[in-house]
Amino acid sequence: MSQKSTKIVTQKRVFEIHDWILEGKPDYKILRDCVEQFGIGERQAKNLLEKAYKIWYDAVKVDKEHKRMLKIGELKSRMQKMKEEYKNTPMGMRVLLQYDKHIDKLEGIIPDKSHVIKGDNENPIVFTNLDDAEKREARIAELLKKAMGK
């Protein structure tokens, strides 16, 4: 039976596992590496992995705007890193245009799609893609009120 580790050692191990998670290492490899590198049992390795995932989950809780800006930066970086000989081909141009279109959607340049149901000529029902849950619920309530008012 091994000796109980201190809080400082445990924290160092958790942060090292957290780095492995961010690198995209699979869980089974993380568990194997914990057992080999730290000299701990598999159950303790699973507990450390759980703690690291909790830290990772808390770190990922960023607001939507920040995620949108990160995605835009990632797409622009991919466009710049594309090989020049590939950029000048028809397939490369198609990929660049798809990246541009996706960036425009994220920046809000291309509006959300909306669907119009024209059952009633004076009051057509318009559906729009709403991201905010409160706006969506308010819109559903409005549409139900409109439908019941007939």
Search all heavy atoms of [X] against all heavy atoms of [Y] and return the closest pair with its distance.
X	Y	result
A52	I21	CB-CD1, 3.8 Å
V35	A45	CG2-CB, 4.3 Å
C34	I17	SG-CD1, 3.4 Å
K71	L106	CG-CD1, 3.6 Å

Quick one: [atom1] on [X] to [atom2] on [Y], what's the gap to the nearest 0.5 Å?
X	Y	atom1	atom2	answer
M93	N88	CE	CG	8.0 Å
E50	I55	CD	CD1	11.5 Å
L48	Q11	CG	CD	9.5 Å
N47	R13	CG	CZ	12.5 Å
W20	L31	CH2	CG	10.0 Å
R94	M91	CZ	CE	5.5 Å

Using modelled atom types only, decide if a donor and an acceptor are shared between the side chain of T10 and the backbone of T6 within a distance under 3.5 Å.
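Side chain of T10 to backbone of T6, a donor-acceptor pair under 3.5 Å: yes, one is there.
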Could you give all pairs that pass the side chain to side chain donor-acceptor pair (under 3.5 Å) test and reach residues 21-40, with sequence neighbours left out?
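Pairs touching residues 21-40 that pass the test: K25-D33, D27-Y53.
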Under 6.0 Å from the [atom1] atom of [X], do we count more than 12 heavy atoms belonging to anything else shown?
X	atom1	result
I109	CD1	yes
K105	NZ	no
M82	CE	yes

Before giving the answer on side chain to side chain contact (heavy atoms under 4.5 Å, CB included), spell out for D104 and E107 the whole-Å C-alpha distance, their side-chain angles and the decisive distance to 0.1 Å.
CA-CA 5 Å; D104 289 346; E107 289 177 341; 4.2 Å; yes
Please determine whether side chain to side chain contact (heavy atoms under 4.5 Å, CB included) holds for the pair V9 and F38, giving the CA-CA distance in whole Å, both sets of side-chain angles, and the decisive distance to 0.1 Å.
CA-CA 10 Å; V9 172; F38 304 144; over 6 Å; no
Using the rule given for side chain to side chain contact (heavy atoms under 4.5 Å, CB included), can you reason through D100 versus M79, listing the C-alpha separation, both sets of side-chain angles and the distance that settles it, and then say yes or no?
CA-CA 9 Å; D100 276 339; M79 289 172 67; 3.2 Å; yes
Between R78 and E74, is there a side-chain N and carboxylate O pair less than 4.0 Å apart?
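Yes, this pair counts.
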Whether E142 and K145 form a salt bridge (side-chain N of Lys/Arg under 4.0 Å from carboxylate O of Asp/Glu) is what I want to check.
no
